[in-house]
Asks: 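Pasting a structure below so you can have a look.
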2 protein chains.
Amino acid sequence: MDKRRITINDIAAHAGVSRSTVSLVLQKHPRIPEETAEKVRQSIAALGYTYNRNAANLRRRTSQAIGLVINDIRNPFFAQLTSAVEERAAEAGYMVYLVESAEQPARQERLLESFIEHDVAGLIVCAATGTPPQAFDRFLAAGIPICMAVRPYPDARLDFAGSDNYGGAKMATQHLIDLGHRRIAFLGGERENPVRIDRLAGYFSGLDARGIAFDPALVVESRPSLTSGVADVNAVMRLEARPTAMLCYNDFVAMGVMHALRCAGLTPGEHMAVVGFDGMPETEITHPPLSTVQLYGRKIGSDAAELLISRIGDPARPPTRRVEQATLIVRASSGRPLNANGE
Amino acid sequence: MDKRRITINDIAAHAGVSRSTVSLVLQKHPRIPEETAEKVRQSIAALGYTYNRNAANLRRRTSQAIGLVINDIRNPFFAQLTSAVEERAAEAGYMVYLVESAEQPARQERLLESFIEHDVAGLIVCAATGTPPQAFDRFLAAGIPICMAVRPYPDARLDFAGSDNYGGAKMATQHLIDLGHRRIAFLGGERENPVRIDRLAGYFSGLDARGIAFDPALVVESRPSLTSGVADVNAVMRLEARPTAMLCYNDFVAMGVMHALRCAGLTPGEHMAVVGFDGMPETEITHPPLSTVQLYGRKIGSDAAELLISRIGDPARPPTRRVEQATLIVRASSGRPLNANGE
DNA sequence: CTGAAAGCGCTTACAG
DNA sequence: CTGAAAGCGCTTACAG
């Protein structure tokens, strides 16, 4: 088991050339005559040699690994982003270290430290809610490029790739208003989450543009999980003046909300309009199908990977922000209010 | 940007000690007096030094990285597994390289090669369907430990962590039979997928144990996606003798199946019993809630990580198989057949 | 075109 | 207890 690894020295000896020559063959250097190269390649095959990229990286002072920090890989949106990052990175010859912050800044801090130790070429980070300012100063000081993704982060020196959460929420809100709704709740998400802050701002703006007063009782916070929808619905159905529509922080919350409505004997899309956020594939086949603000996780992932790779190649490039439009997908869950036309 | 990295040489110079001493302090070697150690630690803080683990690994001929190969991170089951692997690995001081095979053996092959180049300490692999025998011989020859996960793979030299797919499918089948069903379809999944083969075997065995003849017309293959359920349902509803129950390859298929049934005017759990597989969280809040065979992705992930880490420590340990029991969760989607009691 | 030599940032016997 | 030296597997000027 503990056999010595085959190195270029072994190849050199076997092929009867020097170490340098082997190295140049590996790099497909044009100066090496085909005959020599072929001899070397045969030795490589014969001995079962594999290149040690870490050793090369150490010598070259480069790295072929990038780090990706997300909160929760089980969220399909982040899963899509991860998948796209991995794909683009592989195309460019990078491997990706995946790491979950679980929304804990202290844990994220440790993970960042270990990325430096492992000498990553760059980082894509969806910052945990509560990440302190200057959290990335060490990387900037060390010249390690960072691209922030998904979660807006107030540091103008950093590249960013994300979605137009504000515009998406505003669109969804106006859609509900145009349907005749006047009391529209905003359910779910945690208060300090910058993504929620943007969506909430879009919601406010959507109400405002149509001259509808904002009622704080209609905004409920919670952890954005499938099961939190129940509590969110209850909070808002207890009100004197109930809402007739619910804009949800994300699709998880919306699916939980639809379930809770049914448990209360209400049919989503009929007794209550429901709109989600993210565009998870499942929304297409819920009962009824869920209206949602479609985001593009894969696109954001590949945006982020591109920005990072381009910055690794050109550290002096000015910071870039890439914000993908959102699309409102209207399905059966968002119908007209009952009292508007007796539907 | 291109500043020289701070190294132990810088620390040594700053603290007025030798490189060796710094290295020993970093390793918390007991021989170093507290006074010296403190001086070194202060220099580390003052200069903003970060350990270069790659350099240390090269010298020590070890590695603190493990590779994880999965098919599709967007499948919640694999997302859970990944999350658990990452967590256990971090506890043991390893970083994880995540990579997707997209169910393509050739792509998987390239990824494996690049894991060797990046000098991983070990590998956890959910083998792509169609992975050839001996695909991992190079790793064994190089002494790089591998733990197979989820997908059974016929190589007795390798550790394995997975689920009891056979037992789970048998249990689900018998549950449907006990409810009074006699014509039970098995929908979805691709033919060569070893997980499907096990589940199908459990289905056969469940039928057989109750003396029910197997009808090949009731077994339909497809890519296991949300949308494939529609075609699966159609294939089987065209039959002269329709099924009264559907055991699905996984929850994605089952959710698609429920949607397709509704589109055809049938209510899942009433006109047709439906059972899924995997136990995705969403199954709890579908309408109706979906009966499913609960698997434990996190547990399998941590099993795999444990097996791998233990083998890295003891390469001679005999191969171990860890097979987690499955649990049948009965919900409203699996009711009695209509003709049995007019429900 | 090819080889000898220095060096990436670390560790680890080995002297002193 | 501390330092000088060799070496992990590679790359890259620099001679020849």
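Below, chain A is the first sequence line, B the second, and so on; all start at residue 1.
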Asks: Can you list the residues that meet the side-chain contact (heavy atoms from CB on, under 4.5 Å) rule with Y296(A), with sequence neighbours excluded?
Replies: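 With sequence neighbours excluded, Y296(A) shows a side-chain contact (heavy atoms from CB on, under 4.5 Å) to Q294(A), K299(A), T327(A), given in chain and number order.
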Asks: Dot-bracket for DNA chain D, 5' to 3', with Watson-Crick and G-U pairs under 3.5 Å, [ ] for crossing pairs and | for other-strand pairs: what is it?
Replies: |||.||||||||.|||
Asks: Does a side-chain N or O from S23(B) land closer than 4.0 Å to OP1 or OP2 of dC10(C), or not?
Replies: no
Asks: For DNA chain C, which residues in residues 38-50 of chain A have a heavy atom at a distance below 4.0 Å?
Replies: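 DNA chain C contact set from residues 38-50 of chain A: none.
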Asks: ring-ring contact (aromatic ring centres under 6.0 Å, His included) with F160(B): which residues, sequence neighbours excluded?
Replies: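 Per chain and number, F160(B) pairs via ring-ring contact (aromatic ring centres under 6.0 Å, His included) with no residue.
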Asks: Go through the structure and list residues passing side-chain contact (heavy atoms from CB on, under 4.5 Å) with T7(A), not counting sequence neighbours.
Replies: N9(A), D10(A)
Asks: Not counting sequence neighbours, which residues clear ring-ring contact (aromatic ring centres under 6.0 Å, His included) with F136(A)? List them please.
Replies: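 Applying ring-ring contact (aromatic ring centres under 6.0 Å, His included) to F136(A) gives Y153(A).
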Asks: Considering residues at least two apart in sequence or located in another chain, which fulfil the salt bridge (Lys or Arg N to Asp or Glu O under 4.0 Å) criterion with E117(B)?
Replies: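 Listed in chain order: R53(A).
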Asks: For Q108(A) and T131(A), which I'm curious about, is there any donor-acceptor pair between the side chains at under 3.5 Å?
Replies: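 Judged by distance alone, the side chains do pair up.
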Asks: Starting from P on dC10(C), measure out to CD on Q64(B) and report it in whole angstrom.
Replies: 15 Å
Asks: Salt bridge (Lys or Arg N to Asp or Glu O under 4.0 Å) with R74(B): which residues, sequence neighbours excluded?
Replies: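 In terms of salt bridge (Lys or Arg N to Asp or Glu O under 4.0 Å), with neighbours along the sequence ignored, R74(B) is linked to D72(B).
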Asks: Residues two or more places apart in sequence or in another chain: which of them pass salt bridge (Lys or Arg N to Asp or Glu O under 4.0 Å) with R107(A)?
Replies: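 Checked R107(A) against salt bridge (Lys or Arg N to Asp or Glu O under 4.0 Å); matches are E86(B).
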Asks: Rounded to whole angstrom units, what separation is found between the CG atom of N57(A) and the P atom of dT11(D)?
Replies: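 In whole Å, dT11(D) P lies 9 Å from N57(A) CG.
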Asks: Tell me: CG of N54(B) to P of dC10(C), nearest whole Å?
Replies: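 From N54(B) CG to dC10(C) P: 11 Å.
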Asks: Rounded off to whole Å, could you give me the CZ-to-P distance for the R53(B) and dG9(C) pair?
Replies: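 Between P of dG9(C) and CZ of R53(B): 17 Å.
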Asks: Counting primed atoms plus P, OP1 and OP2 as sugar-phosphate and everything else as base, spell out the protein contacts along nucleotides 2-8 of chain C at 4.0 Å heavy-atom distance: B, S or - for each nucleotide, 5' to 3'.
Replies: SBB-BBB
Asks: Who are the salt bridge (Lys or Arg N to Asp or Glu O under 4.0 Å) partners of R88(B), not counting sequence neighbours?
Replies: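 With sequence neighbours excluded, R88(B) shows a salt bridge (Lys or Arg N to Asp or Glu O under 4.0 Å) to E91(B), E306(B), given in chain and number order.
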Asks: Side chains of S20(A) and S23(A): do they bring a donor and an acceptor to under 3.5 Å?
Replies: no
Asks: Just the rounded figure in Å: distance from C1' of dG9(D) to CD of Q27(A).
Replies: 13 Å
Asks: Can you pull out every salt bridge (Lys or Arg N to Asp or Glu O under 4.0 Å) where at least one residue sits in residues 121-133 of chain B? Sequence neighbours excluded, please.
Replies: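 Sorted result for residues 121-133 of chain B: empty, none.
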